[in-house]
Amino acid sequence: MGIGSILGRLLNKSRLWRSLKARIFVLMMVIGIIPTVFVRYGILQNYEQRAVEVRISDVQTQYKIFADHLIKYNYLADTSSEVINAELDQISNLYDGRVIIIDKNFNIIKDTYGLSEGKTMISQEVMECFLGQNTANYDNQNHYIEMTTPIVYTEVFPDGEESISVEGVLLTSISTDSIEMTIEILSRQATVIQVIIFMLLVGLAVALSNLLVAPFERVTSAIAEVKDGFQTEQISVPDYLETEHIITAFNELLGRMKVLDESRQEFVSNVSHELKTPLASMKVLADSLNCQENVPVELYQEFMQDITDEIDRENKIITDLLALVKMDKTQGDLNIENKEINGLVELILKRIRPIAKQRDIDVIFESTREEVLAEIDEVKLTLAITNLVENGIKYNEDHGYVRVTVDADHQYFTIRVEDNGIGIPEEYQEHIFERFYRVDKSHSREIGGTGLGLAITRNVILMHRGFIKVESEAGVGTVFTVKIPLTYAAK
Ligand code: ADP
């Protein structure tokens, strides 16, 4: 594993790095520091190069003149010239360097350090110089420049022609300590500037990272306030588009939660009310029996029958409620099987027909297909269809009919439950799927309705990823159409 990836993993794990503030800080520091490092390095490097070039060109001009003097005073043949020796001393002092003069035979005839006189010197630079080339090499490790200058003799013939010959070579090394010193001073100044920039950067990065992250902290505290219940109003942090998006999403969630909370409260109060009604009736019935003396047995029996009816009703409400709550809790928890729908519907109708018969209501079954196979939860779908058919009977006139039709295409199967009963006025149609909603409370109560049947039906159908719609006309009849996919698509 490379150092990079180890560092990456460490950073990923560390809590600090996961902070946006820390990231902004680090980013600003990096962006701020990198240019100063490059500028420092670039300027110093450039200065050194330029300074060395200038020094070389200066010295070379000087040595060229000096080389002419050597020819003029015939120094290569005779090194006793006072003028030249004085000039040599002056030059070597001036450049804080060593001057070696080599003659045509590669013999060192003069060395200002006095170390190599009489020795022979053959090096590549010297050879190149004898061919008429100046050479200059900068040794930046040891801080000196080594240079060669040809000592050129120019003979002018009477006809004006010139002949040039290299009579010797000036081999010199000059110190660049002064350049190094300047670089050191510059570098120290650069360090001071860098430290100042670094400190300014730290301050700026801290301030900016705090400033940039502040709106997010405001989002957190606004949400916390809502959580602690200080306010139920919509919150707003419009500083950034991003915070606005978060807040919008949060407000939507808040709105949804409020609606849910309201509907939960309404549900609880509805449930309490619905459960209390049969109890209140029982209490009235029992009290009236208790208050009377010498109650005839028939009245007792009649009242006890009424009490039993109320108990049945209470029981039905609780059963329906449990069915509904269970369905809410186990959303998606369907027991899916491949079932034949015609058979399923026929079985439901068979069970219901005896009740319909009591009021001479005709329950008709029709199917356009011989076999409709679909993936459904048999128990839940049976409950849903039973509710629809029972409603068709309950909200019907005597001698009416309920017609159930099954149809299918390659994607969906459809169950239509049609009756010619009392119908549902248009303004109530959108509410009938709500829990405890009944168009005519007293009528529904009379016939044993809880107002939960259609809510259960709709839940079951939605769980099957299907949909249900109602068409109805008061006094004419009602049609419920249920459409469910043949294959169940789990989320
Ligand atoms: P309930 O237990 O009262 O029948 P439902 O949820 O099954 O409750 O139905 C809600 C209301 O919708 C009923 O009270 C009734 O007013 C109306 N309704 C449902 N089905 C029909 C229908 N086939 N014809 C007329 N009204 C209906």
Side-chain angles (χ1 to χ4, degrees), residues 263 266-267 270-271 273-278 281 309-328 345 348-349 351-353 355-356 358-365 380-405 414-463 467-482:
S263 94
E266 195 190 310
F267 182 61
N270 282 342
V271 168
H273 177 76
E274 296 297 327
L275 291 178
K276 271 175 87 174
T277 319
S281 307
D309 288 349
E310 290 301 330
I311 291 174
D312 284 346
R313 193 173 140 65
E314 179 99 34
N315 209 1
K316 179 148 175 38
I317 297 175
I318 292 174
T319 314
D320 278 2
L321 262 178
L322 285 178
L324 193 67
V325 169
K326 202 168 156 225
M327 237 168 276
D328 270 354
V345 173
I348 294 171
L349 299 187
R351 272 193 232 128
I352 292 178
R353 272 200 187 100
I355 309 166
Q358 289 171 3
R359 294 174 51 208
D360 191 28
I361 291 171
D362 207 5
V363 178
I364 311 155
F365 173 70
K380 293 200 173 79
L381 194 67
T382 301
L383 185 66
I385 304 302
T386 307
N387 280 338
L388 293 179
V389 181
E390 273 181 358
N391 279 353
I393 297 166
K394 280 195 301 191
Y395 302 102
N396 212 324
E397 314 286 352
D398 288 357
H399 323 296
Y401 71 83
V402 178
R403 180 179 291 118
V404 183
T405 320
T414 316
I415 301 177
R416 233 172 86 95
V417 182
E418 177 192 347
D419 65 61
N420 63 341
I422 61 170
I424 307 162
E426 185 147 8
E427 65 265 37
Y428 302 122
Q429 287 177 14
E430 57 175 316
H431 297 294
I432 55 170
F433 296 103
E434 291 167 13
R435 293 173 295 199
F436 295 117
Y437 190 84
R438 280 159 293 186
V439 174
D440 180 348
K441 275 210 182 249
S442 58
H443 184 214
S444 173
R445 212 176 113 70
E446 209 175 280
I447 56 178
T450 60
L452 294 172
L454 285 182
I456 294 173
T457 300
R458 198 176 83 111
N459 262 11
V460 170
I461 287 156
L462 291 183
M463 281 168 88
F467 52 89
I468 179 167
K469 70 167 187 195
V470 61
E471 293 154 286
S472 184
E473 197 178 323
V476 178
T478 308
V479 183
F480 282 98
T481 312
V482 173

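Both counts, for ligands and for their atoms, begin at 1 and track the order of listing. Worth saying up front: this structure is predicted, and the values here are computed from it rather than measured.
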Task: Any N/O pair R438/ligand 1 closer than 3.5 Å - done: no
Open item on the list: Considering both backbone and side-chain atoms of I424, is one of its nitrogen or oxygen atoms within less than 3.5 Å of a nitrogen or oxygen in ligand 1?
Closed with: no
Task: Closest to atom 9 (O) of ligand 1 (judged by heavy-atom distance), picking from L454, N420, I422 - done: L454
Those atoms of ligand 1 less than 4.0 Å from some heavy atom in [X]:
X: Y437; answer: 10 (C), 11 (C)
X: T450; answer: 1 (P), 2 (O), 3 (O)
X: G453; answer: 5 (P), 6 (O), 7 (O)
X: G423; answer: 25 (C)

Please determine whether any non-hydrogen atom of [X] lies less than 4.0 Å from an atom of ligand 1.
X: F480; value: yes
X: G421; value: no
X: D419; value: yes
X: E390; value: no

Task: Listed partners of K276 passing salt bridge (Lys or Arg N to Asp or Glu O under 4.0 Å), at least two apart - done: none
Open item on the list: Checking E310 now: which residues fulfil salt bridge (Lys or Arg N to Asp or Glu O under 4.0 Å) with it, not counting sequence neighbours?
Closed with: R445
Open item on the list: Can you tell me how far apart CG (D320) and CG (N387) are? Round to the nearest 0.5 Å.
Closed with: 7.0 Å
TODO: Examine the proximity of ligand 1 to N391 and report which part, side chain or backbone, both or neither, has a heavy atom under 4.0 Å away.
DONE: both
Open item on the list: With a 4.0 Å cut-off on N to O distance, would you call R435 and E274 a salt bridge?
Closed with: no
